Amino acid sequence: MSVAGYRPIPVELGQESEGWEGIDRAGTEEVELAGLSRTEEGEEEAEGEHSGLLSSSASEAEGGVDKWALRCLLLQHASSTFTAGSYDFASFLFLIEVFKDTLVPASLVGLLTQLAGLVFSGYMGGLVDKYPRLPLVRATIGAEKVFKAANYALFLVLFGPLITIAQPAFHGEAPIGGVLATWTILLLTIACSTMLGLANTTLEVAIERDWVMTIAQGRGETLTKLNTSMRRIDLLSKLVSPLFVSVLTATIGYFRTTCALLAWVAVTGVVEYLWIQVVYTRFPVLAESQTVHEQQDGPRSSGSRASSRAGLGGVIGWAKREKNDWAEFVQLPIFCSSVAIAAIYLTTLSYDGTFIAYIKAARGYDDTFIAIMRGICVLTGLLGTFLMPHLERLIGLERAGAWSISFELACLAPTVLAFFYGTGAYGTKGAVWNEVLLFGGIAASRVGLWSFDLCQLKELQQSLADHPNRNRLTALQISLQNSFNLLKYALTLAAATPREFKWTALVSWIAVAAGTGSYALYLRKVRGHLLHLEWFRKRR
């Protein structure tokens, strides 16, 4: 719904911000956790200037920084992302193990999850705007754990009494009881995965966008540090969680692995529930800012809730709300930046199931080599998260984003060529230079990818910081990303064989090029130019 009178507040994104200054002006304090480090020395005490960014009211009185609250925030995120990464890898692996002769079940889960995200992400983001922070996040964590546990329980049935008949029953080649049981479990698995995807979207918007933005209190450098810490945890989880599941399946088998993961979900549910309580309690700004927001927008919010309750009774009301939200989002300058990051999701040039199937079948690489290359890509992605803050300080946020996505585009150009030249016979490795272009280009591009991801995230957070429906609009970017993910599924269905994979690589590069062009439009809108010649003259 459009908000009358709202205008994006222009922010000079390239300027240096206070960062950790203002956390504590008394003496020297060190804050060091997941890259969040800065030492303040020799500053005079300034009464009344304690900001409380990383401190509770009690710790402010003591002149100290509440490191435990920060640790709990990052621990909760690490637990959540590791558990989610383990589930994503395990669910795909389990479906392939049960239904060995078809990829349809795994594809159905992925496709319908993305479709649900495309349709309902905006609504889930609206819940973050509508309900109190702590109860919503706790309820979402609980729902997420319940859906994960339910799916693991369903897999236990597949690996237990149905292990011998599930595959033929999927094709209707088993007794009617087995067919009904198998399809019922498969449909329940799809339903739980879909609901789990929506719960993950809600947590992402609530914690990684809303809570982080509120804790930073408008300090650009602090926001960068928090964002980079979150992203480093994401990347490490992507590396460690598949290895964790693989080790379990190789040592104790699929059934016991499922039991272990089910127990892990229960344990993490308890600790995450407690950690998020500590974060909310020791960062009073999370409660205070929401109270102020509700007081300022009380009449509007009440009317919005009433219309929302009426709209939920029918599809028409919900559709009108979605239409109005999209109409408003498209008019904002940040939309072009959102399209740029979403376009990158239309890619097969990453180590997902499609790309792995190609390099194993058409190129003849083994699992060990693939695991090594995947690990290298994670490391180069981490390098991008360390590079981004330095780029921002050197050339400004928008230019850092432009340089990062351009670097990704340049690195992937030779990679695409490697699919068309020097490939060798089907099922065999190509020339050495071809391997260097293929795997080296993808690895190098991760630096630009994750640096750009952080730049765009900060731009989104700052541009919507004062918007009353910021979380709902933020979730629309996730909807955009899901739409490009769906296009990727359509692309891989159209080019379904490994011999045709090269065309998907070409389309992936074109998508990154289109994203670069969309980001150029964003720069033109917010800066009025693409190249700042005066800046270059100052640097010479």
Side-chain angles (χ1 to χ4, degrees), residues 74-100 103 105-110 112-113 138 140-163 166-167 181-182 184-204 207 233-276 351-353 356 367 371 374-375 378:
L74 297 179
L75 283 171
Q76 189 280 332
H77 185 64
S79 173
S80 179
T81 54
F82 178 80
T83 306
S86 299
Y87 171 82
D88 291 339
F89 183 78
S91 60
F92 183 84
L93 188 65
F94 292 170
L95 288 171
I96 295 299
E97 178 65 20
V98 173
F99 306 101
K100 296 181 179 180
L103 293 176
S107 298
L108 282 175
V109 170
L112 293 177
T113 300
R138 277 184 158 182
T140 306
I141 290 174
E144 180 195 33
K145 302 305 179 184
V146 167
F147 290 129
K148 281 191 177 79
N151 259 355
Y152 283 135
L154 292 172
F155 283 124
L156 286 177
V157 178
L158 289 176
F159 285 124
L162 295 181
I163 187 62
Q167 182 170 311
T182 298
T184 298
I185 289 176
L186 181 57
L187 292 175
L188 288 174
T189 299
I190 293 173
C192 288
S193 296
T194 300
M195 298 303 295
L196 178 59
L198 295 177
N200 288 336
T201 296
T202 307
L203 276 182
E204 180 180 350
I207 295 178
I233 290 172
D234 292 342
L235 283 166
L236 288 173
S237 296
K238 287 184 178 182
L239 174 64
V240 176
S241 56
L243 295 176
F244 173 69
V245 174
S246 299
V247 170
L248 287 179
T249 56
T251 54
I252 63 177
Y254 285 93
F255 185 86
R256 291 180 180 177
T257 295
T258 308
C259 293
L261 293 175
L262 179 58
W264 178 259
V265 167
V267 172
T268 56
V270 174
V271 295
E272 287 179 33
Y273 193 87
L274 297 175
W275 281 332
I276 210 67
Y351 286 85
D352 58 8
I356 291 174
D367 293 341
R374 184 172 183 171
V378 171

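Here the structure is a predicted model, which means the values were calculated and not measured.
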Rounded to the nearest 0.5 Å, how far does [atom2] of [Y] lie from [atom1] of [X]?
| X | Y | atom1 | atom2 | value |
| --- | --- | --- | --- | --- |
| Asn200 | Thr113 | CG | OG1 | 9.5 Å |
| Leu196 | Thr189 | CG | OG1 | 11.5 Å |
| Asn151 | Met195 | CG | CE | 12.0 Å |
| Glu272 | Leu203 | CD | CG | 8.0 Å |
| Leu156 | Ile163 | CG | CD1 | 11.5 Å |
| Ile185 | Leu162 | CD1 | CG | 5.0 Å |

Any side-chain heavy atom of [X] within less than 4.5 Å of one from [Y]?
| X | Y | value |
| --- | --- | --- |
| Ser80 | Glu144 | yes |
| Lys145 | Tyr273 | no |
| Gln167 | Val98 | no |

Applying side-chain contact (heavy atoms from CB on, under 4.5 Å), run through Phe99 and Thr182 and close with a yes or a no. CA-CA 11 Å; Phe99 306 101; Thr182 298; 3.9 Å; yes
Please set out all donor-acceptor pairs under 3.5 angstrom arising from side-chain atoms of residues 258-266, sequence neighbours excluded.
unit_1 : atom_1 : unit_2 : atom_2 : d
Thr258 : OG1    : Tyr254 : O      : 2.8
Trp264 : NE1    : Thr83  : OG1    : 3.2

Residue pairs passing the side-chain hydrogen bond (donor to acceptor under 3.5 Å, both in side chains) test where at least one lies in residues 236-246, sequence neighbours excluded: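 Matches after skipping sequence neighbours: Thr81-Ser237.
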[X] versus [Y], closest heavy-atom pair with distance:
| X | Y | answer |
| --- | --- | --- |
| Ala199 | Thr140 | O-CG2, 3.3 Å |
| Ala78 | Ile233 | CA-CG2, 3.5 Å |
| Pro242 | Arg374 | CG-NH2, 3.9 Å |
| Val245 | Ala90 | CG1-CB, 4.0 Å |

Checking the side chain of Ser193 only, and the main-chain atoms of Val109 only, is there a donor and an acceptor separated by less than 3.5 Å?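 Here the side-chain-to-backbone pair does not exist.
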With distance as the sole test, does Ser79 use its side chain to make a donor-acceptor pair with the main-chain N or O of Gln76 at under 3.5 Å?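 Here the side-chain-to-backbone pair does not exist.
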With under 30° as parallel and over 60° as perpendicular, where do the rings of Phe82 and Phe244 fit, or are they tilted in between?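 Tilted: the ring planes of Phe82 and Phe244 meet at 30° to 60°.
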For a ring pair (Phe, Tyr, Trp, His ring centres under 6.0 Å) with Tyr87, tell me which candidate from Phe92, Tyr152, Phe94 qualifies.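 Result for ring pair (Phe, Tyr, Trp, His ring centres under 6.0 Å) with Tyr87: Tyr152.
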Take Leu248 and Arg256 through the test side-chain contact (heavy atoms from CB on, under 4.5 Å) and record every step on the way to the result. CA-CA 8 Å; Leu248 287 179; Arg256 291 180 180 177; over 6 Å; no
